[in-house]
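See below for the structure under consideration.
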Amino acid sequence: MDKFIRVDMTTKQIATLDVPEKYAGLAGRALTSNFVADEVKPTCHPLGKNNKLIFAPGLLSGTTAAQSGRLSVGGKSPLTGTIKESNTGGTFSQKMAKMGIKALVIEGMPAEDKFYVIKIGMNGVVIDDAPAEIIGGCGNYKAIEVLNAKYGPKVGIALAGPAGEYRLPTANISFKDPEDHLRSAGRGGLGALMGSKKVKAVVIDDTGAPLSVPLAKPEEFKAAAKVFSQALLKHPVTGQALAAYGTDVLINIVNEAGGLPARNFTSGRIDFNDKISGETMNATITERGGEGKVSHGCHAGCIMRCSQWYPDQDGKYITSGFEYETVWALGADAGIQDLDDIAYLDRAMDDVGVDSIDVSVAIATAMEGGLIPWGDGKAALDIVKQIAVPTPLGRILGGGTAIVGKLCGLFRVPVVKDQAIPAYDPRSIKGIGLTYATTTMGADHTAGYAIATNVLKIGGYVDPLKKEGQVELSRNLQIATAAVDSTGMCLFIAFAILDIPEGFNALVDMINARYGLSLTADDVTALGKSVLKVERAFNAAAGFSNAHDRLPEFFEYEPCPPHNAVWDFTPEEIDEVYNF
Amino acid sequence: MVIEVRLYATLRRYRPSIPNGVFTADIPDGISVAELVEKLEIDPAEIHMIMVNGIGREMDGILADGDRIGLFPAVGGG
Ligand code: SF4
């Protein structure tokens, strides 16, 4: 019987309960968002005692299905003030699922100024004092070492870094990956929520747990899982390209399409693209050898392996999960032309525990605002490291793009609902603009990745520079994404299942075989819709209206070269996205 | 007429002497992308995305002097 664990940080009471009836069929994002909508006061202060943090593995987590080890983390966002689901790899999700833990809820708030570690094992949950050496600026890499030494090398770890302790709006929650490196539930400041509850870390030890979750129909599950992984291996993107080049392959594609935001969104193309491209990243890793790896999975069971280990000149590991969005923001948007400088910045952001999208875009914004020189990677690294102290400038940067833009007196501040707009210019790639504007999460490309169809020609083709077809595209992708985010699957499976129908059917079949259900494709769509409706209702009750579903105004009157496109959707057209 | 070709990702192996895959080519007026690809001796089955001056095009697109042609295999990220 699955469990619901609730940890009350006010009283330090721990309750291990049966799963409430209404959550029985839910997992991942569907569960975190329904729970937040049910239990969190929409108008609460995100850092006050009435906010709650919830961790939930997906429907298929803990099974042998490829890609099923993603975890959803939910709460009211300290960055946006909206509902938030942030999704991560690492080892946590599979362990929770195997231990039969459907959700972990952290609520309340201690009166005392002291940090704790929540330790979850098969014999129950305990709350320990956090080791003194990991408090007050200790980097996440070091904190993982200390916690491994104390709790054992095999435990899963969720960590609020220094930024989380200081409750900065861009603080992420960092998760240990299979090799003791870091993956993040990056966006929306959930690390600040964890820090506000005085939880430095959650440690999970699945020693004694079954090796796999129970399956209602094991044979059918096995057959469907096989079809599913075959679809992933067959599709050229999920089968080969992601592993070969990582997500950074997009630098050249989006640059060629004229949608690579450059120098704080004043152009859509750069000429130093090859210094920071995925092709160059691949060649650099291969040439340097040593600890470098071109491909790497963020959790056991990932066969698409978009991650990598990027080494320094001597072959020593610098960073992993070195994503396109981070390279874009620091490279194209902030003008830092050296991939090594960008790698050290990526590591520093992981180490201090901030969202590498929001802070990287904030660095470009700080350059526009004159806080540091354009393109200066060393100056950028210095101010990121100041977050760990934190100096006043470190705190400002950790405030994110919206705050830095405001403090610098700028109007060209690329955010929606105070969350930074990532790596695709909405003027030249219009479908993604609708997603940024309308998603319940604040600007988020993953919420409805229109780039697939606007640029990559996956799941059909919709001309990125025209308005036709974009509303339906963004809407359908947002619905599908809300469903996929509830399965525990990495969103990149979408590349395969958009093009290969058997892959999608196998996904549904796996869910049915796991739980003994008979869901159809329509039920999956209905689930996605219901998640979005629940999230939107929470946001409405928190004070958000259609008027918040707008892009920054400068996109309407500053043309983006080379296409000189502007953002030209009317408010009425934008509002159609959520008309379902 | 002279055009600029940009090969990306795995297509760069067709021009190993040009690491960044960017070169110009003098081609007959008014030929299509497919004809260009044939001239370059690239297997068309490997090409998934074609951009001419930053605009998505198909194999039958006709080229003009000064065009910038980006060719990509199937790749993705996010
Ligand atoms: S494809 Fe990338 S993000 Fe997805 S599970 Fe694998 S390593 Fe993680």
Side-chain angles (χ1 to χ4, degrees), chain A residues 235-242 244-259 268-269 273-275 277-280 282-283 304 306 323-325 422-424 428 445-446 449 451-452 454-458 461-465 490-492 494-496 498-499 561-563, chain B residues 1-25 27 32-34 36-37 39-40 42-78:
Chain A
H235 195 279
V237 172
T238 50
Q240 288 149 24
L242 280 171
Y245 297 107
T247 58
D248 196 38
V249 74
L250 288 167
I251 289 280
N252 279 332
I253 302 167
V254 182
N255 192 53
E256 200 57 39
R269 203 178 259 171
N273 48 302
D274 233 30
K275 293 190 178 166
S277 68
E279 288 90 333
T280 299
N282 172 311
M304 304 188 291
C306 78
E323 305 292 351
Y324 162 65
E325 283 71 22
Y424 315 88
S428 337
H445 60 296
T446 68
Y449 192 62
I451 306 306
N454 275 175
V455 180
L456 304 174
K457 294 197 173 167
I458 292 172
Y461 181 67
V462 173
D463 188 334
L465 287 157
C490 167
L491 189 54
F492 291 161
F495 292 129
L498 281 169
D499 280 341
H563 300 305
Chain B
M1 64 183 190
V2 177
I3 47 118
E4 183 187 72
V5 179
R6 293 177 166 247
L7 303 179
Y8 292 107
T10 45
L11 298 180
R12 288 186 176 173
R13 76 175 197 288
Y14 283 101
R15 289 292 180 283
S17 60
I18 307 170
N20 71 355
V22 182
F23 56 94
T24 54
I27 56 166
S32 67
V33 177
L36 170 69
V37 167
K39 277 194 178 307
L40 297 175
I42 295 173
D43 179 358
E46 286 183 44
I47 297 174
H48 182 71
M49 279 174 282
I50 301 158
M51 288 183 215
V52 178
N53 304 322
I55 311 262
R57 296 280 286 275
E58 297 297 325
M59 279 288 182
D60 58 6
I62 301 298
L63 299 173
D65 192 37
D67 276 350
R68 163 176 174 157
I69 298 124
L71 301 174
F72 300 86
V75 280

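Being a predicted model, the structure only gives us computed values, none of them experimental. Proteins get letters first, then strands, A, B, ... in listed order; numbering begins at 1 in each.
Considering only heavy-atom pairs separated by less than 4.5 Å from chain B, the leading option among Thr446(A), Asp248(A), Ile253(A) is Ile253(A). Between chain A and the options Ala9(B), Gly70(B), Ala74(B), Pro73(B), heavy-atom pairs under 4.5 Å are most frequent for Ala9(B). When each of Asp463(A), Leu465(A), Val254(A), Val249(A) is scored by its heavy-atom pairs under 4.5 Å with chain B, the top score falls to Val249(A). The choice from Glu279(A), His235(A), Gln240(A), Glu325(A) that makes the most heavy-atom pairs within less than 4.5 Å of chain B is Glu279(A).
Interatomic distance, CG of Asn252(A) versus CG of Leu7(B), reported as 11.0 Å (0.5 Å rounding). A distance of 6.5 Å separates CG in Asn255(A) from OH in Tyr8(B), rounded to the nearest 0.5 Å. In this structure, Arg6(B) CZ and Glu256(A) CD are separated by 5.5 Å, a value rounded to the nearest 0.5 Å.
When every heavy atom of Arg12(B) is checked against every heavy atom of Asp274(A), the shortest pair comes out as NH2-OD1, 3.0 Å. Nearest heavy-atom pair across Val75(B) and Ala241(A) is CG1-CB, 3.6 Å.
Listed for the His48(B) side chain is no donor-acceptor partner under 3.5 Å among the backbone atoms of Pro236(A).
Contact of Phe72(B) with chain A is made through the side chain alone, with heavy-atom distances under 4.5 Å.
Along residues 50-61 of chain B, the residues that come nearer than 4.5 angstrom to chain A, judged on non-hydrogen atoms, are Met51(B), Asn53(B), Gly54(B), Ile55(B), Gly56(B), Arg57(B), Glu58(B) in order of number.
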